[in-house]
Trainee: 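Starting off with a structure, shown below.
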Amino acid sequence: MSYIVEHGERFLESTREILQDMFGVVCRSQEAVVEERTLTTDKRIFVAILFTGTIQGEYILALDESTAINVLSDGYPQADRAMDANIEEVADAFSEALNVIVGETIQHLNKDYKRLTFASPRVLVGQGIYPLIPTARGVLNTNHGSIECHFYLNLMKLNLTVSYHDALENYRQAQQRAEETRETIAKIMNTIGTGIFMVDEDLNLRPGYSAATRTILDLSVTDTNPNLQEIFKSLAENASVLAGFIPWVKLAFKNSRLDWHKDVLPLCSIKELQTRNGKTLYFNWIPIYNRDNRIHELMVIAEDITDRRALEKTREEMVERQEQNLELVSVLMNLESDEVITFLNETKQIIATTRKLAQLVKEDKIYGQMLERQMQRIKGGASQYNLGQLGAAAEAIEGEIGRLDGQDHDNPADIEGELEGLNQLVQHIEQMSGRINEGMNGFPHLIDGVKVPFDKIENLDLEIDRFSTKVSEGEDVLRLKTAVRHLREIDLFEHFSSVKGMLERMAERFGKRILFSFDNDLTIDVSLARQLIDPILQILRNAVEHGIETADVRERKGKNAIGIVTVSQTVQDEYLLISIEDDGAGIDTERLRENAIASGLIDRDNSNELSRSHLLGLIFKPGVTGLCTDILDKGRGLGLASAKQQLAEIGCEVQLVNEDRFGCKFEIAVPINSQQG
């Protein structure tokens, strides 16, 4: 046995006894003392006593931060478990212990080497650097962690002194640089406005998170061991997000070979979290890998984006409002302001009546039906004047009324807010209509390119008729009359530019995606156009609500998820044919037959004798619907009946061309001479 190992064993044994006596440390096992070329360790706390005289050497205890804290916790129950708060206690306690240990052990050295003295203990934190000097190393495996005992002896005297001081200086410089780096990082973490922290596999927050983390996560100052799972439980408005989040964390730590951004991150259920106090928090998850290329920790960057989301919502509302206003201006420019104002006044009266009826629904459900009819009146007028926003608002209220009517509801005033919104929309349209009218009256030179004065044209047309009877229909007069009639012609489907947006929003409410295609090459007399718009709109609404299937149903049938509705026109003989075609579910004639029988329109005994064309004609009867969709029972069978009646009043015919379950095609026949009057 070497001389150094012999004294190393005495040092190890003395350390075991003194630590047990002073702190109650229990040594469960110990590793045999071995001689090494130099001091090597991965521990970060060094408690050392240097001795000198005829020889030089050092007694060193090396241990981890956690071991030091655990030893102190047993010896001093009041001690905090944070290392920074206990560095002085560690220094004092272990310095005192090493003093006692060295005091006993160095006596054996004094037998061989005289006049040995030892300096005061030093406590160093960091990575130790020692010269190539033979060193005895032993290890005590205690109940608080491993404690290493190092003893080295320099028999070359002078060289040892120089090497030791060089090593000590290098170590002090390294420690100073480490301290400066830590201070810099601490300043950054205290000034940055984003929450930055690290979590382990158990979602415990590692020490050293940014100052903003506490504010963003609502951490208590007294919470010294925060856990992210518990934080999310207290924060989340909907705690169910944790059900998928916890398994995701396990997946993230155990599957390091997966592509993080492609395979792992998209599965995370917590990226944007709505909190109970109304905040919106955004989380970015960044993996930290160890030397084995496995995820060791997750770095989390947390931001409070409540204000950002509020600004985005405000911006979207402003853009939507601007688009709606432009759409509304486009519609109002082509309408007679007196007619619009009259309709709006009637609508305000209907709203006032509806508010009174709403209070009576709980007494008798018959009032709910009256409320629905009131909203249908508004929808009908809105369709006539292409006021899509108004129609959509009335439809929303109608749906709310239907829900109130279908349940034992004690608070029918739930629709008061929606009625107020409808009333404000009416006032907004009224103001815009008034401003447009004022602008036209104040700037007549701008009107020529915007709106044709049809009332003056009609008077001019009458004057030409009177004049033509006196001059035998001369060629010049006929040319003039034709030119005036052309002034009355407009592009019919330009009027559907705003209606298209309303129909698309309606489709979204039903969970459908629909592409509308309008033939833009159809000029028609303005009076006839106004009479055609409402029945065409009724047929289009019918396609949206009943004809086109939802995207998932269409995909199960092998169709494209996006439905198509096409409106086109052709001239055939003396008629202008307007076609409205969709690629939806079509008409189930057998279901149509059953509905007609239930409505009392046909007898069951004679129903089988009816031709297919006769059956399809029943679709235009009030109270009958034959659409094979999931919302069949919700249809009232009034829309198509109303459209047919309106078309008949202006001398037009409508018929249905259909193939079972392969869409519907409606054809409106408009006599060409109906535009000549």
Trainee: If you define the side chain from C-beta out and look only at heavy atoms, does anything of Ile295 sit under 4.5 Å from Trp260?
Mentor: yes
Trainee: So for atom CG, which belongs to Asn277, do other residues, nucleotides or ligands contribute more than 12 heavy atoms lying within a distance under 6.0 Å?
Mentor: yes
Trainee: Does some side-chain heavy atom of Arg16 sit less than 4.5 Å from a side-chain heavy atom of Leu12?
Mentor: no
Trainee: Test of understanding: with side chain to side chain donor-acceptor pair (under 3.5 Å), list the residues that count as partners of Glu17, not counting sequence neighbours.
Mentor: none
Trainee: Between atom CG of Asp200 and atom CD of Glu297, what is the distance when rounded to the nearest 0.5 Å?
Mentor: 7.0 Å
Trainee: Between Ser14 and Arg10, is there a donor-acceptor pair closer than 3.5 Å when you use the side chain of the first and the backbone of the second?
Mentor: no
Trainee: Is the distance between the ring centroids of Tyr3 and His7 under 6.0 Å?
Mentor: yes
Trainee: With distance as the sole test, does Thr213 use its side chain to make a donor-acceptor pair with the main-chain N or O of Ile196 at under 3.5 Å?
Mentor: yes
Trainee: If you count every heavy atom of other residues, nucleotides or ligands that lies below 6.0 Å from Arg276 atom CZ, does the total exceed 12?
Mentor: yes
Trainee: Rounded to the nearest 0.5 Å, what's the gap from CG on Leu251 to CD1 on Ile246? Could you check?
Mentor: 13.0 Å
Trainee: Looking only at heavy atoms, what is the nearest atom pair of Ala236 and Leu273, with distance?
Mentor: CB-CD1, 3.9 Å
Trainee: So, for Phe46 and Gly126, which heavy atoms are closest and what is the spacing to 0.1 Å?
Mentor: CE1-O, 3.4 Å
Trainee: Let me confirm one number: the CZ-CD1 distance from Phe94 to Ile101, rounded to the nearest 0.5 Å.
Mentor: 9.5 Å
Trainee: Find out whether Glu148 and His150 are in side-chain contact, i.e. whether some heavy atom of one side chain is under 4.5 Å from a heavy atom of the other.
Mentor: yes
Trainee: Does any part of the side chain of Asp259, heavy atoms only, come nearer than 4.5 Å to the side chain of Val264, both counted from C-beta?
Mentor: no
Trainee: Checking the side chain of Thr135 only, and the main-chain atoms of Ile133 only, is there a donor and an acceptor separated by less than 3.5 Å?
Mentor: yes
Trainee: Would you mind reporting whether Thr142 and Ile147 have side-chain heavy atoms less than 4.5 Å apart?
Mentor: yes
Trainee: With no hydrogens and no angle check, just 3.5 Å: does a side-chain donor-acceptor pair link Asp64 and Ser66?
Mentor: no
Trainee: Which is it for Asp304 and Thr280 under the side-chain contact (heavy atoms from CB on, under 4.5 Å) test, yes or no, and what are the steps along the way?
Mentor: CA-CA 6 Å; Asp304 185 346; Thr280 302; 5.6 Å; no
Trainee: Hey, is Arg513 close enough to Glu508 for a salt bridge, meaning N to O under 4.0 Å?
Mentor: no
Trainee: Has Thr52 got a side-chain atom pairing as donor or acceptor with Gln56's backbone, closer than 3.5 angstrom?
Mentor: no
Trainee: Is a donor on one side and an acceptor on the other found under 3.5 Å between the side chain of Thr15 and the backbone of Cys149?
Mentor: no
Trainee: When you compare the side chain of Leu39 with that of Thr41, does any pair of heavy atoms fall below 4.5 Å?
Mentor: yes
Trainee: Ion pair present between Arg122 and Glu58, side-chain N to carboxylate O less than 4.0 angstrom?
Mentor: yes
Trainee: Please report the closest heavy-atom contact between Gly244 and Ser269, naming both atoms and the distance.
Mentor: C-OG, 3.7 Å
Trainee: What is the distance from atom OG1 of Thr67 to atom CG of Leu61, rounded to the nearest 0.5 Å?
Mentor: 12.0 Å
Trainee: Taking all non-hydrogen atoms of both residues into account, name the closest pair between Gly8 and Ala136 and its distance.
Mentor: CA-CB, 3.9 Å
Trainee: Just so I know, are the side chains of Leu153 and Ile55 near enough to count as touching, which here means a heavy-atom distance under 4.5 Å?
Mentor: yes
Trainee: Would you mind writing out the side-chain donor-acceptor pairs for residues 21-37 within the sub-3.5 Å range, not counting sequence neighbours?
Mentor:
unit_1 : atom_1 : unit_2 : atom_2 : d
Ser29  : OG     : Asn141 : ND2    : 3.1
Glu35  : OE1    : Ser2   : OG     : 3.0
Glu36  : OE1    : Thr40  : OG1    : 3.3

Trainee: Enter the distance from Asn99:CG to Glu104:CD here, rounded to the nearest 0.5 Å.
Mentor: 11.5 Å
Trainee: Is the Phe245-Trp285 ring centre distance short of 6.0 angstrom?
Mentor: yes
Trainee: Is the Phe151 to Tyr59 ring centre distance short of 6.0 Å?
Mentor: yes
Trainee: Would you mind checking if Arg554 and Glu549 are paired as a salt bridge, meaning a charged N to carboxylate O distance below 4.0 Å?
Mentor: yes
Trainee: Any non-hydrogen side-chain atom of Ser95 less than 4.5 Å from a side-chain atom of Leu98?
Mentor: no
Trainee: Calculate, to the nearest 0.5 Å, the distance between atoms CD1 and NZ belonging to Ile562 and Lys512 respectively.
Mentor: 14.5 Å
Trainee: What is the minimum heavy-atom distance between Asn227 and Leu205, and which atoms define it?
Mentor: C-CD1, 4.3 Å
Trainee: Considering non-hydrogen atoms only, spot the tightest contact between Pro134 and Ile4 and give its length.
Mentor: CB-CD1, 3.6 Å
